[in-house]
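Presented below is the structure to which this report refers.
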Amino acid sequence: MKKIKKIAVMTSGGDAPGMNAAIRSVVRACAYYRVNCIGIYRGYEGLIEGDFIELTARSVNNIINKGGTILKSARSEGFRTKEGRAQAYEHLKENEIEAMVVIGGDGSFTGAVIFNEEYNFPVIGIPGTIDNDIFGTSHTLGYDTALNTAVEAIDKIRDTASSHNRLFFVEVMGRDAGFIALNAGVGAGAEEILIPEEDLGLDRMLESLKKSRRTGKSSSIVVVAEGDRSGKNVYELAKYVEENLPEYDVRVSVLGHMQRGGSPSCFDRVLASRLGVKSVELILDGKTNLMVGLKNNEVISTSIAEAIKGGHSINQELLRVSDIMTT
């Protein structure tokens with residue numbers, strides 16, 4: 001088997017805390033195995049434009065603690081076209097790059113699979129998204145950090161809710177997945193949690209809030225995933241409660257992109273380090289079209305196609321716990 005001499009690494013899609021730690025791990029693993037490493041700026045867009053930089057073990061000093069991504073990220077309409085992908089392949093050939101590590105979510109992985117099918121170009125994926133919605137891993141990079149950011153914010157909001165006897169609707173990220181909402185809601189002691197996976201109905205929410213009021217709660221927190229299935233956005237939900245439960249003083253707080261930023265947690269830094277090393281080792285073993293992930297605290301690999309299609313189901317036991325905790 002031909003020895004790989006040059007590996008590229010890129011970050012693609014939405015940024016997530018831990019991406020820099022993963023870049024560092026890939027670069028240092030390449031240095032350890034005496035393989036050259038090239039960084040691709042701005043994901044697939046940079047790949048099309050040949051926006052590359054050589055990375056050495058020293059060039060990734062002091063980035064393990066930084067949020068965001070030093071390689072930047074960008075949407076690429078060009079990579080959706082055959083012409084764009086052909087241009088990307090030419091740049092890889094010109095620079096004698098023989099394999100690629102893609103750090104991103106399912107959209108990034110879909111691009112990697114198509115590229116591999118067309119050019120038989122070795123790719124390994126590292127799951128980097130705060131939504132934790134990828135099959136084949138219990139945790140994606142950035143999820144733990146985003147979760148802690150959300151809980152910290154909700155704790156602070158509860159202080160003002162208690163001081164003014166208010167009901168706060170707190171919207172967290174999660175257009176298609178409720179992992180942040182469910183776990184942050186349980187962790188922060190929310191009275192209700194609304195997620196995309198479960199439509200619990202507006203009547204149930206009203207009943208729960210009425211019950212809270214009757215049992216002496218003067219303030220409440222409702223955590224809402226941005227893609228919850230109630231049919232109303234967070235402001236409409238607040239208005240609905242105001243109309244039906246006028247005794248509540250209702251406020252809305254949207255956490256937004258603050259959940260993506262910040263220094264990664266220790267868990268995300270360690271996970272990124274483990275996954276980065278494994279991705280390089282898989283390439284050197286001649287493997288391709290695999291995503292590295294975590295299962296039962298062991299680093300495993302799953303086919304990227306399966307990771308995209310499989311989905312990651314919500315924890316039903318945690319849903320049950322959340323119901324009990326709202327008593």
Side-chain angles (χ1 to χ4, degrees), residues 4-31 33 35-64 66-129 141-142 257 260-261 264 272 275-276 279-280 283 288-289 291-292 304:
I4 298 280
K5 295 179 181 175
K6 193 179 283 188
I7 294 173
V9 59
M10 72 155 78
T11 51
S12 177
D15 62 292
M19 281 185 163
N20 281 327
I23 293 166
R24 173 182 179 270
S25 178
V26 170
V27 173
R28 295 250 167 117
C30 283
Y33 288 109
V35 175
N36 292 325
C37 189
I38 301 296
I40 302 170
Y41 279 118
R42 296 176 295 112
Y44 289 119
E45 194 65 12
L47 184 56
I48 290 172
E49 295 175 10
D51 195 359
F52 301 162
I53 182 173
E54 187 171 353
L55 295 173
T56 66
R58 297 289 74 80
S59 64
V60 291
N61 281 353
N62 304 319
I63 68 168
I64 192 170
K66 290 184 173 18
T69 162
I70 61 163
L71 291 178
K72 314 296 183 187
S73 187
R75 292 190 182 279
S76 178
E77 290 303 318
F79 199 75
R80 295 175 184 270
T81 67
K82 282 202 165 197
E83 295 76 18
R85 293 191 294 273
Q87 200 172 332
Y89 182 62
E90 284 306 312
H91 284 303
L92 289 170
K93 279 204 307 184
E94 284 167 15
N95 288 272
E96 299 178 332
I97 296 168
E98 299 161 279
M100 189 163 60
V101 176
V102 178
I103 306 166
D106 56 3
S108 307
F109 291 165
T110 300
V113 168
I114 292 168
F115 192 67
N116 174 269
E117 286 171 355
E118 289 180 345
Y119 295 101
N120 194 29
F121 192 86
V123 288
I124 297 292
I126 295 178
T129 167
L141 293 185
H257 285 80
R260 279 194 185 171
L275 299 186
S279 65
V280 171
I283 287 171
T288 185
N289 259 0
M291 182 199 80
V292 289
I304 295 181

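- Atom OH of residue Tyr44 and atom OG of residue Ser73 lie 10.5 Å apart, to the nearest 0.5 angstrom.
- Nearest approach of Phe115 to Met100, heavy atoms of both residues: CD2-CE, 4.2 Å.
- Side chain of Asn20 to main chain of Gly67: a donor-acceptor pair is present (N/O by atom type, distance under 3.5 Å, no hydrogens or angles).
- The neighbour count for Lys6 NZ, taken as heavy atoms of other residues, nucleotides or ligands under 6.0 Å away, is above 12.
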- request: Report the C-alpha distance between Ile38 and Asn95 in whole Å, list the side-chain angles of each, state the deciding distance to 0.1 Å, and finish with yes or no for side chain to side chain contact (heavy atoms under 4.5 Å, CB included).
  value: CA-CA 9 Å; Ile38 301 296; Asn95 288 272; 5.9 Å; no
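- Between Ile126 and Gly276, the shortest heavy-atom contact is CD1-CA, 3.8 Å.
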task: Could you go through the side chain to side chain contact (heavy atoms under 4.5 Å, CB included) check for Ser25 and Leu275 one step at a time?
output: CA-CA 8 Å; Ser25 178; Leu275 299 186; over 6 Å; no
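- Ile124 contributes atom CD1, which lies 5.5 Å from atom OG1 of Thr288 (distance to the nearest 0.5 angstrom).
- The structure places OG1 of Thr129 at 7.5 Å from CZ of Arg260, a figure rounded to the nearest 0.5 Å.
- The minimum heavy-atom distance linking Ile103 with Ala22 is given by the pair CD1-CB, 3.8 Å.
- Nearest heavy atoms, Ile64 versus Ala21: CG1-CB, 3.8 Å.
- In this structure, CD1 in Ile70 is found 12.5 Å from CE in Met19, a value given to the nearest 0.5 Å.
- Inter-residue side-chain proximity for Lys93 and Tyr89 is flagged as met; some heavy-atom pair is nearer than 4.5 Å.
- Using a 4.5 Å heavy-atom threshold, the side chains of Val280 and Val35 count as separate.
- Residue Asn61 places its CG atom among more than 12 non-hydrogen atoms of other residues, nucleotides or ligands, all under 6.0 Å distant.
- For the atom pair CG of Asp51 and CG of Leu71, the computed distance is 9.5 Å after rounding to the nearest 0.5 Å.
- With a 4.5 Å cut-off on side-chain heavy atoms, Arg28 and Arg58 count as touching.
- Gly142 and Ala16 get closest at one heavy-atom pair: CA-CB, 4.2 Å.
- Under a cut-off of 6.0 angstrom, the local environment of CD in Glu96 is sparse, with at most 12 non-hydrogen atoms contributed by other residues, nucleotides or ligands.
- In this structure, CG in Leu92 is found 10.5 Å from OH in Tyr119, a value given to the nearest 0.5 Å.
- The shortest heavy-atom contact between Glu98 and Phe121 is C-CZ, 3.6 Å.
- Put simply, the residue from Ile40, Val102, Ile97 that forms a side chain to side chain contact (heavy atoms under 4.5 Å, CB included) with Leu47 is Ile40.
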